[in-house]
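Since the structure comes first, as C-alpha cells, the remarks are kept for the end.
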Amino acid sequence: MFQSLEDDKTTCETCHACELGQTRIRSVFSGGSPYAKIMVIGEAPGKEEDEQGEPFVGRSGQLLMKLFAEVGFEREKDLYICNTIKCRPPQNRKPTLAEKEACRPFLDAQIAFVQPKIIVLCGTTAVSSLLPHEKRTITQIRGQWFHHTSGAKIMAVFHPSYLLRHHSLEAGKPRALMMVDLAEISRCLRLNSV
Ligand code: URA
C-alpha cells in the first residue's frame, strides 16, 4: 500500500480518513530512530504532541523517556516511537474503534518498514489494537512476552500517564513493575535473544 516509510508519513500528514483530521493541529507520525530495535506504541497524541508534531513530548512522554534512559535506551538512537492513532482526539478522550481502524494502515506499515525486534505496547489502547484477543488487564499481562506476525516480540507495559498518578517507587507498585519490565527488555536485547 505504501512504497516506503516516508510515503507512509507523507500520506499520514494530510489524512482525513476520520473526523480527527478536522480538529488536529498536526498529525503525529513518529519520533526517535527508524533504525531502532525497539518500537514503542502509545495511545494517541496529547496537547503538546498535537502542537509539536512529535510523540511523547508532554509530561507522560517525558517520564517514559526518563524511565527508558534509566535502563540505557536513548530516544533518538534506540527507540522508534509512535501511537496507535496519529491525531489528537478532542479533550484527549479515548480513540474510538472507527478511529483506530481508520489509522491502522499507518501503524501496520510502520511495523513493516521499521522491522523492530521488540514492540512495547504502552497502555490499553495499544494492547487492544495489537493483541485484540487479549481480555486480561495490563496488570495481568505486563512483563510477559507475546509474538507479532512479523516475528517481533511484544510486551505490554503500563501507560506513563498511569505511572504519573501512581508514583510510589515501592517494590510491587506500578512504577517498580515498570522498571522490572524495561530491565527485561534490555536483558533480552543484550542477550541477542530477539
Ligand atoms: N503522548 C503520546 O504521544 N502518546 C501517548 O499515548 C501519551 C502521550
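Both ligands and their constituent atoms are indexed starting at 1 by order of listing.
For ligand 1 and Ser60, the ligand atoms under 4.0 Å from any heavy atom of the residue are 7 (C), 8 (C). Each of the atoms 5 (C), 6 (O) of ligand 1 lies under 4.0 Å from some heavy atom of Glu43. Ligand-side atoms of ligand 1 in range of Pro55: 3 (O), range being under 4.0 angstrom from any heavy atom. Near Gly42, meaning under 4.0 Å from any of its heavy atoms, are these atoms of ligand 1: 6 (O).
Put simply, Leu20 and Phe106 are part of two different groups of oily side chains (I, L, V, M, F, W, Y) that touch within less than 4.5 Å, one to the next. Phe146 and Leu189 fall within the same hydrophobic cluster, defined by Ile, Leu, Val, Met, Phe, Trp and Tyr side-chain heavy atoms under 4.5 Å apart, directly or through other members. Connection of Val157 to Val40 is established within a shared hydrophobic cluster, with ILVMFWY side chains joined at heavy-atom distances below 4.5 Å, either directly or through further cluster members.
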Chi angles and distances behind the side-chain contact (heavy atoms from CB on, under 4.5 Å) call for Cys15, Lys86: CA-CA 10 Å; Cys15 176; Lys86 314 305 187 198; over 6 Å; no

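Judged by distance alone, with hydrogens and angles left aside, the side-chain atoms of Glu134 form a donor-acceptor pair with the main-chain N or O of Arg136 at under 3.5 Å.
Ligand 1 lies nowhere less than 4.0 angstrom from a heavy atom belonging to Glu48. Residue contact annotation: Ala44 has a non-hydrogen atom under 4.0 Å from ligand 1. For Gly58, the closest heavy-atom approach to ligand 1 does not fall below 4.0 Å.
In terms of polar-atom proximity, defined here as any N/O pair under 3.5 Å, Phe56 does make such a contact with ligand 1. For His159, a nitrogen or oxygen atom sits less than 3.5 Å from a nitrogen or oxygen atom of ligand 1, counting backbone and side chain alike.
Ring pair His159/Phe56 is tilted by interplanar angle, where 30° to 60° counts as tilted.
At the top of the distance list for atom 1 (N) of ligand 1, counting protein heavy atoms only, stands Glu49 OE2, 3.0 Å. Atom 4 (N) of ligand 1 has Asn83 OD1, 2.7 Å as its closest protein atom, hydrogens excluded (heavy atom only).
For the pairing with Leu107, the side chain to side chain contact (heavy atoms under 4.5 Å, CB included) check across Leu130, Asp8, Asn83 returns one residue only, Leu130.
Environment of CZ in Arg59: sparse, with no more than 12 heavy atoms of neighbouring residues, nucleotides or ligands closer than 6.0 Å.
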